[in-house]
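The structure that follows is given in the form of structure tokens.
Throughout, a chain's letter reflects where its sequence line sits, starting with A, and its residues are numbered from 1.
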2 protein chains.
Amino acid sequence: MAAHPKTSSTTRRKNDPESVQADILAVAMREFSEKGLSGARIDEIAEKTRASKRMIYYYFKDKETLYLHTLEAAYQKVRLQEAELDLDHLAPLEALSRLVRFTFRHHVQNPDFIRLVMIENIHHGRYLAQSALIQSLNAGVIDVLTSVYARGVAEGYFREGLDPRELHWLISALSFFNVSNQHTFSRIFDWQQAAPENQRKLEDHVAEMVLRYVRLDEANPQK
Amino acid sequence: MAAHPKTSSTTRRKNDPESVQADILAVAMREFSEKGLSGARIDEIAEKTRASKRMIYYYFKDKETLYLHTLEAAYQKVRLQEAELDLDHLAPLEALSRLVRFTFRHHVQNPDFIRLVMIENIHHGRYLAQSALIQSLNAGVIDVLTSVYARGVAEGYFREGLDPRELHWLISALSFFNVSNQHTFSRIFDWQQAAPENQRKLEDHVAEMVLRYVRLDEANPQK
DNA sequence: GACTGAACGTACCATTTCGTACATTGTTTT
DNA sequence: AAAACAATGTACGAAATGGTACGTTCAGTC
């Protein structure tokens with residue numbers, strides 16, 4: 001179709017480094033998130049890739065470096081999705097509720113990312129610590145929450161004295177656990193946690209929990 | 001020192017199977033929780049044991065079986081500690097608060113166990129599913145919470161309609177996340193989460209969060 | 001004290017797995 | 001078109017790793 005393979009910038013070349021690297025990263029993401037850093041096999045990643053094992057080492061030096069790049073790519077992808085959220089035009093209560101529900105669902109929709117974070121925690125965050133990129137990416141995540149909370153306090157809906165970072169911690173904890181511990185929790189308590197109706201319930205609970213925590217107690221104001 | 005090595009039941013024998021097995025399990029616990037199922041090395045476990053590699057296979061068949069036994073031992077140990085909690089003599093609000101704070105601290109004090117559960121979730125709970133022992137051990141964990149909640153509702157302190165299992169889920173989520181994601185959270189938000197004063201704050205937040213969620217709203221009763 | 005089965009040590013094997021040497025093809029620049 | 005560099009394929013090496021064969025010692029029994 002493309003008449004001029006030489007001039008077009010979107011040429012389908014025989015050598016296509018960028019797409020090869022992207023392909024490797026995509027496969028690595030699946031493998032690492034499924035089996036961990038030590039459990040994943042370079043040979044298996046190579047097999048599932050359009051490229052060969054040689055290419056993995058050519059572009060990513062070694063297994064650990066590939067893992068680090070995978071982690072960075074995962075964070076980038078997720079943070080990009082999060083940036084789409086726009087809450088400034090909503091009333092504080094509604095905005096906070098939306099934020100919580102968004103976070104909850106967002107975690108559910110990115111189980112691979114959650115698993116990578118679990119794995120990274122097993123490694124004591126050693127690789128994340130090496131990445132200035134990830135640090136900078138996440139710096140701004142709290143800003144949204146900070147502004148919503150500030151508005152809520154100013155307009156008299158939220159109680160004062162809460163730390164947005166700790167608030168974010170609470171929301172993250174509930175959303176993260178929902179994905180990370182699904183398997184053990186479901187099996188131990190014989191409860192189909194992943195079932196849609198239970199997920200809906202949990203989302204409601206989480207949202208209500210956060211709101212009750214932040215909302216000004218109507219009975220005795222400013223307590 | 002022991003004069004009659006043959007008759008004494010606490011004899012220090014040359015062959016001591018039980019202590020060998022216990023020793024292997026203890027080392028395996030440390031290694032598996034630190035490095036995961038695929039990351040842990042049988043040779044390394046053997047080295048750190050009083051016994052030899054031969055003994056590991058003699059008593060535990062293979063790596064996966066050893067891992068399963070380690071998981072079972074870990075659950076047993078933790079559930080035993082939990083059983084010490086006695087809340088029946090306390091008022092519902094106080095009892096619930098105690099339960100939450102106990103759970104929170106208990107998780108902090110058993111990081112190895114938390115890591116094992118994380119690892120088991122990475123493996124989709126495949127090994128836990130094989131263990132009837134663990135299933136039975138955990139069946140009763142919710143009972144304490146169920147009775148406290150029932151008393152709280154009956155005495156008019158708690159609102160109705162909450163599922164104790166879901167309540168347990170909330171408490172677990174907050175306590176678990178506090179340990180499981182310490183590393184990534186601390187590094188990303190440049191916050192010393194493990195610092196004693198921050199741990200105290202988080203424990204307070206978690207306790208208050210759960211109480212606010214369960215407590216009857218004084219402003220509009222039974223809503 | 002001989003016998004038997006459990007408990008244990010040593011050395012080793014087969015495979016897996018990360019990583020690389022070497023050769024080849026594609027692409028761009030001059 | 002020829003040189004120069006980037007991209008890729010194939011085959012292989014060396015170490016790590018799970019697991020076992022084989023032999024020995026210990027402890028209770030007849």
*Would you mind reading off the distance between Asp43(A) atom CG and dA14(D) atom P, rounded to a whole angstrom?*
18 Å

*Starting at CE of Met55(A) and ending at P of dA6(D), how long is that distance when rounded to a whole Å?*
13 Å

*Just to confirm, is there a sub-4.0 Å distance from OP1 or OP2 of dG9(D) to any side-chain nitrogen or oxygen of Tyr58(A)?*
no

*Look at Lys35(A) together with Glu31(A) and state whether they make a salt bridge at an N to O cut-off of under 4.0 Å.*
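Salt bridge flag = yes for Glu31(A) with Lys35(A).
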
_Rounded to whole Å, please give me the gap between CD in Gln21(B) and P in dA6(C)._
13 Å

*Between dA15(D) atom C1' and Glu44(B) atom CD, what is the distance in whole Å?*
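Those two atoms, CD and C1', are 15 Å apart.
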
*Close side-chain approach of Phe104(A) to Gln199(A), heavy-atom, < 4.5 Å*: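 Yes, at least one pair of side-chain atoms sits under 4.5 Å.
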
_For Glu72(B) and Ser131(B), which I'm curious about, is there any donor-acceptor pair between the side chains at under 3.5 Å?_
yes

_Name of the residue among Tyr127(B), Tyr75(B), Tyr67(B) meeting side-chain hydrogen bond (donor to acceptor under 3.5 Å, both in side chains) with Glu120(B)_ = Tyr67(B)

*Expressed in angstrom and rounded to an integer, what is the separation of Lys63(B) atom NZ from dT16(C) atom P?*
15 Å

*Provide, to the nearest angstrom, the distance between the OH atom belonging to Tyr57(B) and the P atom belonging to dT20(D).*
8 Å

*Decide yes or no, distance alone: a donor-acceptor N/O pair under 3.5 angstrom between the base of dG19(C) and the side-chain of Lys53(A).*
yes

_Rounded to whole Å, please give me the gap between CZ in Arg54(A) and P in dT8(D)._
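The answer, rounded to whole Å, is 10 Å.
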
_Leu37(A) CG to dC18(C) C1', straight-line distance once rounded to whole Å_ = 12 Å

*So does Ser52(B) get a side-chain nitrogen or oxygen closer than 4.0 Å to the phosphate oxygens (OP1/OP2) of dG9(C)?*
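For Ser52(B), the contact criterion (side-chain N or O under 4.0 Å from OP1 or OP2 of dG9(C)) is met.
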
*asked:* Within the 4.0 Å heavy-atom criterion, would you say Ala46(A) contacts the bases, only the backbone, or no part of the nucleic acid?
replied: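 Result for Ala46(A) = nothing.
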
*For Arg41(A) and dT17(C), is the shortest distance between a side-chain N/O and OP1 or OP2 below 4.0 Å?*
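Yes, within the criterion.
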
*Quick one: do the His69(A) and Glu64(A) side chains pair a donor with an acceptor below 3.5 Å?*
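There is no such pair between these side chains.
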
*asked:* Mind checking if Tyr59(A) touches a base, just sugar-phosphate, or nothing, with heavy atoms under 4.0 Å?
replied: sugar-phosphate

